Number of protein chains: 2
Amino acid sequence: MKKKSVTSHDVARLAGVSQSAVSRTFSPDAKVSDKTRKKVMEAARQLGYRPNTIARSLITRSSRTIAVVVYSLENPFYSYMLEKASRFFKQQGYHLLLFSASSSDGFDDVLDDILRSQVEGILMLAITLNDDQAALVCDYGIPVVIINRTVDYAGISQVACDNFQGGYWAGRHLVSLGHRRIAYLSGLVDSSTDIQRRAGFVEGLASMGAALHDSGIGHYQYTSACQATRLLFASTTPPDALFAANDLMAIAAMEVIQSEFCLKVPEDVSVIGFDDVPMAAWPSHSLTTLQQPVQTMIMRATELLLAQIDQPDTPPQQITLPVTPMLRGSVRRPSGDVNDT
Amino acid sequence: MKKKSVTSHDVARLAGVSQSAVSRTFSPDAKVSDKTRKKVMEAARQLGYRPNTIARSLITRSSRTIAVVVYSLENPFYSYMLEKASRFFKQQGYHLLLFSASSSDGFDDVLDDILRSQVEGILMLAITLNDDQAALVCDYGIPVVIINRTVDYAGISQVACDNFQGGYWAGRHLVSLGHRRIAYLSGLVDSSTDIQRRAGFVEGLASMGAALHDSGIGHYQYTSACQATRLLFASTTPPDALFAANDLMAIAAMEVIQSEFCLKVPEDVSVIGFDDVPMAAWPSHSLTTLQQPVQTMIMRATELLLAQIDQPDTPPQQITLPVTPMLRGSVRRPSGDVNDT
DNA sequence: CTGAAAGCGCTAACAA
DNA sequence: TTGTTAGCGCTTTCAG
């Protein structure tokens, strides 16, 4: 447990070369003779030398670090993204600095923290920026890509899915199945995804001459969704179909519906989710849901971020990807000829 | 998108003070007159100044950054830990640098990367170090805490559960329930957790006069566990009880058993898992499992790491916490008087 | 309490 | 190709 700290000087001394020779040896685009390099490498090995990234960052003004901000990792959808992002950036030679933020209140502090850490880009998973925050980051000239949340600020990139369309499909599908008491289980009511999914859903219902029967709020979380479901089904006119703003809540709802209200899915109640997390396909859930192309989303987001870092004049983009309905066992089978979108 | 970069000099100039005054103002233990501080703060605000963490780290030789290495985030057990760790360290003023490593092969590169980044501590989730790696880190004097994996190297701290005891309980419990064709579903056969759980299990069986009937390997993953389960149950003498090395695999097994082999859990097959991830308690799984005290584990680990950073003479510790059997619906009810451990 | 000066470990001109 | 020389933006003595 000796606190040493081998510097390039030490290596230079041992190798009998200048300190810059050492630096060059450890620089990607070296211009060093093989002889020098060999000497340096040997000395470095002997001393256990490793270049100090911090010092390097200070002078090159590039930390090769990305800040990833997550809201919660409870949802496998985001832990999957995080994992993928981690591998992608590592492969590109970037490090990931992980931040978590509960809400966009108090995010000011987190943002301040991020800005001090000299990251070269920010990837936000399901978190948004308010106008001041957006202005701040833009002013700093640091690229941001927001996944699954929108922000009304040109200059900030975002990657999301067609939430409206997904909601719309869900609405029409449930009506087409003959449901009439159709409820919506919100995530966070002020999140853009929730707003869009809900709007699409309501419009989908309307397009079939139906309307929203009831709704609850599940905060995109399991336990909260269970609670909301209890409220919904304790009503004198409980829903016969439910569209939840994400899979985690849809599954929570199914658990409550089946185990606490002794209703059957899909016989008594149809349930549709959103995301298509791996779990949704497990036989015991068999959740009909709207698939978001996670892989594509994270790829587009990470590539976009890198592009903006490498070429600061790359224009920010708002990318919207299509969702795909995944028909599984949690909704009734169509009874007869309904023409569905 | 202007690439500025306000330094303490700029602030000093505007505030009409020296650059050191600015530095002091932004140092936690400042010794600045209120008048100066006020001037500095005003100038800083005006310019949007934020101290450069990198420069600070270089001179203070402390990055206030912890490296967290994860194996996979598919298992909610670890994504939960990561989230908790993130919040804890943030609260302590530390940043988290996220690394992922698939196996301990090729971990050399990751370790090299970590060492270069001047982190002050390393937290490893379900990944271990080989002797060389352990020696290397110790030599660098950088504290490491390994969660859920052991390493034969004094000087490295580890936090884990009594895996042997957990396996032992599972073994005895299944036999006591009258099972005789008892199988084990391995995670990664060379992981310490798997080795210990299996050993405890086998010994538990033996203590009741039973022996392992069969086993499979599920790599701690869902899909792999499904595959292993298929093999196990396609046998002419399929198991009537299964102990899986983690919950994810136990759930995978139940899915396959029920949906593909049309067997009932627990009537035809009893299943026991390990971890007690939140999902295990969901009614549709209702998995009997051995609870690891995640909260405690992560607390102990993070506190230990911090202690070792703050006081380098803090001795490394090997912490083993007890596991708690959680009896749920995935195992038969005891039929008669069995005396269980 | 404040400013001047000396670096932290490294990269990047510039000369040799 | 190499060594020499300036710093990167900050903290930290050390005088004043």
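Every chain is numbered from 1 and lettered A, B, ... according to where its sequence line falls, protein lines coming before strand lines. These numbers were taken from a predicted model, which means no experiment stands behind them.
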Donor-acceptor under 3.5 Å (A:Gln158 side chain, A:Val151 main chain): yes
For atom CG of A:Leu58 and atom P of D:dT11, their distance in whole Å: 12 Å
Protein-nucleotides 12-16 of chain D N/O pairs under 3.5 Å:
| unit_1 | atom_1 | unit_2 | atom_2 | d |
| --- | --- | --- | --- | --- |
| D:dT13 | O4 | B:Arg24 | NH2 | 3.3 |

Length of the line joining B:Arg61:CZ and C:dC10:C1', which is rounded to integer Å: 13 Å
Sugar-phosphate only, base, or nothing, as touched by A:Val22 at under 4.0 Å among non-hydrogen atoms: nothing
Touch class at under 4.0 angstrom, heavy-atom based, for A:Phe26 against every strand present: nothing
B:Tyr220 and B:Ser72 side chains, donor-acceptor separation under 3.5 Å: no
Most 5' of A:Arg50 and B:Gly16 on DNA chain C, judged by nearest nucleotide: B:Gly16
Main-chain N/O of A:Gln92 paired to A:Arg64 side chain as donor or acceptor, under 3.5 Å: yes
Rounded distance in Å - CZ (A:Arg56) to P (D:dC10): 21 Å
Residues A:Arg50, B:Tyr140; criterion side-chain hydrogen bond (donor to acceptor under 3.5 Å, both in side chains); working and verdict: CA-CA 11 Å; A:Arg50 274 179 185 74; B:Tyr140 260 72; 3.0 Å; yes
Any B:Ser8 side-chain N or O less than 4.0 Å from OP1/OP2 of D:dC10: yes
Atom CG of A:Asp310 with >12 non-hydrogen neighbours under 6.0 angstrom: yes
Interatomic distance where CG belongs to B:Asn52 and P belongs to C:dC8 [whole Å]: 18 Å
Short side-chain to backbone donor-acceptor contact, A:Glu83 and A:Tyr80, under 3.5 Å: no
Between P of D:dT4 and NE2 of A:His9, the distance in whole Å: 10 Å
Distance test, side-chain N/O of A:Thr7 to OP1/OP2 of C:dG9, below 4.0 Å: no
Between C:dG9 (P) and A:Arg13 (CZ): distance, integer Å: 12 Å
Of the listed nucleotides C:dG9, D:dG9, D:dT2, the one nearest the side chain of B:Ala55: D:dG9
Among C:dG3, D:dC10, D:dG9, the nucleotide that comes nearest once only the side chain of B:Pro51 is considered: D:dC10
Whole angstrom value for the distance that separates P of D:dC10 from CZ of B:Arg64: 18 Å
Option passing side chain to side chain donor-acceptor pair (under 3.5 Å) with A:Ser157 (candidates A:Gln318, A:Gln308, A:Arg300, A:Gln317): A:Gln308
Length of the line joining B:Arg37:CZ and C:dC1:P, which is rounded to integer Å: 11 Å
